[in-house]
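Here is the structure we will look at.
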Amino acid sequence: MRVLVGAMGVLLMGIGMALLAGGGQFRDVALWLAGAVVLHDGVIAPLVLAAGLLLGGIAARGAVRAALIVAGCLTVVALPVMLRPGAPTNASALPLDYVRNWLLLLGAVAAVTAILLLLRRLRSRVLRRKRRTARRPRGAA
């Protein structure tokens, strides 16, 4: 079964390469793929590694890591629209200020993360206070 699925995959890749070469877009796709490799290995991977090193000593690294993942996903979705060259031919095609909205969403992610961390800290203080009062003898003031 694996051999059959593998053979079908190789066949479909061959069909894709033939269609790509026949359409005259091979150079564009190769350039895009090379750019994607450079972007990933030269920018994204070092940023992720640096964030991991910086978050290593933080107690709330899980919440910060989740916020960074959400911010990264928002950026990946918004980037093509924000980097679209030139004005659209149809004025109603991209009528919004995407950079502003992207920044507002990143601010909302940061605010929600900060609120959750604050609530977590307050909750832990309340629990510590309850434990302290539970340990005291009844007659102690």
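In what follows, residues are counted from 1 in the order of the sequence shown. Because the structure is a prediction, the values reported are computed rather than measured.
Side-chain contact between Leu103 and Leu105 is absent, with no heavy atoms from C-beta onward closer than 4.5 Å. A heavy-atom distance below 4.5 Å is not found between the side chains of Val112 and Val70. Side-chain contact between Arg120 and Arg123: absent, with no pair of heavy atoms (C-beta onward) separated by less than 4.5 Å.
Taking CD1 of Ile44 as the reference point, atom CG of Leu47 lies at 8.0 Å (rounded to 0.5 Å). Atom CH2 of Trp102 sits about 5.0 Å away from atom OG1 of Thr75, to the nearest 0.5 Å. Taken from CG in Leu68 to OG1 in Thr113, the straight-line distance is 8.5 Å, to the nearest 0.5 Å. Here the CE atom belonging to Met17 is positioned 9.5 Å from the CE atom belonging to Met13, to the nearest 0.5 angstrom. To the nearest 0.5 angstrom, Leu104 atom CG is 9.0 Å from Asp97 atom CG. Distance CZ/Arg65 to CD1/Ile58: 10.5 Å, rounded to 0.5 Å.
Leu106 and Leu79 fall within the same hydrophobic cluster, where Ile, Leu, Val, Met, Phe, Trp and Tyr residues are linked whenever their side-chain heavy atoms come under 4.5 Å apart, directly or through other members. Under a hydrophobic-cluster definition in which Ile, Leu, Val, Met, Phe, Trp and Tyr are linked whenever side-chain heavy atoms come within less than 4.5 Å, directly or via other members, Val99 and Val81 are assigned to the same cluster. Following chains of ILVMFWY side-chain contacts shorter than 4.5 Å, one cannot reach Trp32 starting from Val37, and the two form parts of different hydrophobic clusters.
Closest of all the heavy-atom pairs between Ala60 and Leu117 is CB-CD2, 3.3 Å.
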* Given the rule in the side-chain contact (heavy atoms from CB on, under 4.5 Å) test, do Ile15 and Leu11 qualify, once you have shown the distances and angles that lead to the verdict? -> CA-CA 6 Å; Ile15 292 171; Leu11 177 68; 4.2 Å; yes

